[in-house]
S.K.: 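Let me begin by handing over the structure; questions about it come next.
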Amino acid sequence: MEVWEKVFVKDAKFAQSTHGMAGCVICHGGDSTTDGKESAHQGLVADPSEKSCSSCHNDITARTSLHATLNGFVTKLEARGGDLSEGSLLATAFDNHCQQCHTSCGQCHISRPDEMGGGLVSDHVFKPPSMQYNCLACHAARVGDEYLGNNEGVPGDLHWTRLAMTCSKCHGEELHGTEALAADRYGNSASAKCEDCHQNVLANTSNNPQHEQHIGELSCQVCHSVSYKNCYNCHVGIDDKGIPYRTTEPSEIDFNIGLNPEVSSQNPYKYVVMRHVPVCPSTWDYYGADLLPDFDLVPTWKYASPHNIQLNTPQNENCNSCHGNPVIFLTEDDIGPAEGEANQGVTVDKIPELR
Amino acid sequence: MKKLALVVLGLVLLMIPVMAGCRAAPVEQASSCVTCHSNKDLLQKTMSVIEEEKSEATSGEG
């Protein structure tokens with residue numbers, strides 16, 4: 001997107017909209033009484049979301065969006081003993097490398113996120129997030145590629161390939177959070193669930209022996225998702241020009257069933273799909289040694305919901321696709337030498353027996 | 001009575017300029033912002049090129 005396109009309001013009728021009639025300066029500051037660019041932009045606030053939206057939309061902005069708070073990151077860093085207090089080494093690192101995924105109201109509803117270079121998505125019209133310009137700006141590497149079928153040899157999600165469902169068809173109000181700040185997306189009581197639409201699957205299992213046997217014990221993805229990316233060894237730092245950088249090893253496409261580390265009333269499953277996360281003990285070494293002193297308290301294989309749902313998968317071909325098949329389970333053999341202790345609670349020690 | 005009439009007249013005379021001075025709060029000239037920002041040619045002429053730097057050291061999935 002060209003620089004001028006980012007601020008181009010194609011349809012001047014915006015001025016007659018509810019937000020338009022409030023006046024540009026009310027939210028953005030600046031001076032609308034002058035024609036000169038420099039003088040008009042004095043005191044301009046490009047993204048006024050943090051202060052302006054709450055004046056009318058306090059019922060939404062007062063909630064606890066994980067996109068706004070990045071509490072999912074915070075939870076895991078603090079659980080590993082990270083000190084995120086103001087001015088700490090880890091807080092500095094967090095600001096340099098993690099905050100780029102922070103979104104504001106505007107970066108979901110009006111413009112592209114800063115991470116994607118900003119710019120109005122559709123004039124200045126306030127809309128649900130665009131899958132292409134908003135969601136995939138940040139969620140491309142894993143869930144985006146899985147959903148769209150961009151991983152070589154792995155089909156895209158049926159919800160996209162057959163129904164062309166965009167992200168907001170499933171992920172709506174949950175993104176604003178709820179009254180209670182969730183530790184992560186699985187702790188968000190409003191999170192999208194398969195049964196939000198597929199109630200009949202839960203209600204009627206009599207014509208499906210696999211459902212009859214396994215619903216409630218296995219997450220849906222255990223049987224209905226396929227291989228997905230797993231990432232390793234992320235390291236961050238500042239380069240010679242003072243620009244933050246990160247490196248990760250090439251991702252690996254794999255599929256592993258492990259033990260649910262976040263059993264709850266919402267997610268009561270014993271077995272879930274596990275994805276490897278790229279954090280390692282030396283991830284933050286550029287900023288200081290041992291910034292995650294309790295690294296082993298949190299698994300490096302996490303509960304995942306790969307967005308590549310299929311009706312028929314290798315797992316549900318027959319019972320012994322999983323039963324008696326250690327390859328499909330996350331076992332000690334799959335755990336790297338430095339990660340054994342961290343993942344003790346999620347590896348499957350006893351493979352379900354052959355049927 | 002005469003005094004009362006003079007007082008009333010004085011009040012009326014005072015009210016005239018006051019009421020003339022009452023205006024609705026000035027409506028922001030939003031057209032000034034939108035006038036520029038809906039003018040493609042003007043935006044292209046006045047745009048500032050901002051180089052967003054990504055580190056060459058970055059590699060792998062984000």
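A quick note: this is a predicted structure, and the numbers were derived from the prediction, not measured.
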S.K.: Could you tell me which portion of A:Gln16 (side chain, backbone, both or neither) has an atom closer than 4.5 angstrom to a non-hydrogen atom of chain B?
M.R.: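 Neither part.
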S.K.: Taking only residues two or more places apart in sequence or in another chain, which ones pass salt bridge (Lys or Arg N to Asp or Glu O under 4.0 Å) with A:Lys76?
M.R.: A:Asp184
S.K.: Which region of A:His41, side chain (C-beta onward) or backbone (N, CA, C, O), has a non-hydrogen atom less than 4.5 Å from a non-hydrogen atom of chain B, or is it both or neither?
M.R.: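 Contact with chain B involves the side chain of A:His41 alone.
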S.K.: Would you indicate whether the side-chain heavy atoms of A:Cys24 and B:Val34 approach each other to under 4.5 Å?
M.R.: yes
S.K.: Quick one: does A:Thr247's side chain get under 4.5 Å of B:Thr58's, heavy atoms only?
M.R.: no
S.K.: Between A:Pro278 and chain B, which part of the residue has a heavy atom less than 4.5 Å away: side chain, backbone, both or neither?
M.R.: neither
S.K.: Which heavy atom of B:Ser55 sits nearest a heavy atom of A:Pro244, and at what distance?
M.R.: CB-O, 3.5 Å
S.K.: Counting neighbours of CZ on A:Phe126 that are heavy atoms of other residues, nucleotides or ligands and sit closer than 6.0 Å, is the number greater than 12?
M.R.: yes
S.K.: Please tabulate, for the side chains in residues 118-125 of chain A, all donor-acceptor contacts under 3.5 angstrom to protein atoms that are two or more places apart in sequence or on a different chain.
M.R.:
| residue | atom | partner | partner atom | Å |
| --- | --- | --- | --- | --- |
| A:Ser122 | OG | A:Lys127 | NZ | 3.3 |
| A:Asp123 | OD1 | A:Lys10 | N | 2.8 |
| A:Asp123 | OD2 | A:Asp11 | N | 2.9 |

S.K.: For A:Lys37, is the NZ atom crowded, meaning more than 12 foreign heavy atoms sit under 6.0 Å from it?
M.R.: yes
S.K.: For B:Cys36 and A:Asp35, work out which heavy atoms get closest and say how close.
M.R.: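 The pair with the smallest heavy-atom distance is SG-O, 4.5 Å.
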S.K.: Identify the heavy atoms of B:His37 and A:Val7 that sit nearest to each other, and give their distance.
M.R.: ND1-O, 2.9 Å
S.K.: Strictly less than 4.5 Å between heavy atoms, which residues of residues 231-241 of chain A line up against chain B? Please order them by number.
M.R.: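 Listed by number, the contacting residues are A:Cys231, A:Asp239, A:Lys241.
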S.K.: Please classify the contact between B:Lys45 and chain A as side chain, backbone, both or neither, with a heavy-atom cut-off of under 4.5 Å.
M.R.: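 Nothing of B:Lys45, per the 4.5 Å heavy-atom cut-off to chain A.
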S.K.: Tell me, please, which residues at least two apart from A:Pro250 pass side chain to side chain contact (heavy atoms under 4.5 Å, CB included).
M.R.: none
S.K.: Taking atom types as modelled, find out whether B:Glu61 and A:Ser251 have a side-chain donor-acceptor pair closer than 3.5 angstrom.
M.R.: yes
S.K.: Give a yes or no on whether the backbone of B:Gly60 and the side-chain of A:Arg246 come within a donor-acceptor separation of less than 3.5 Å.
M.R.: yes
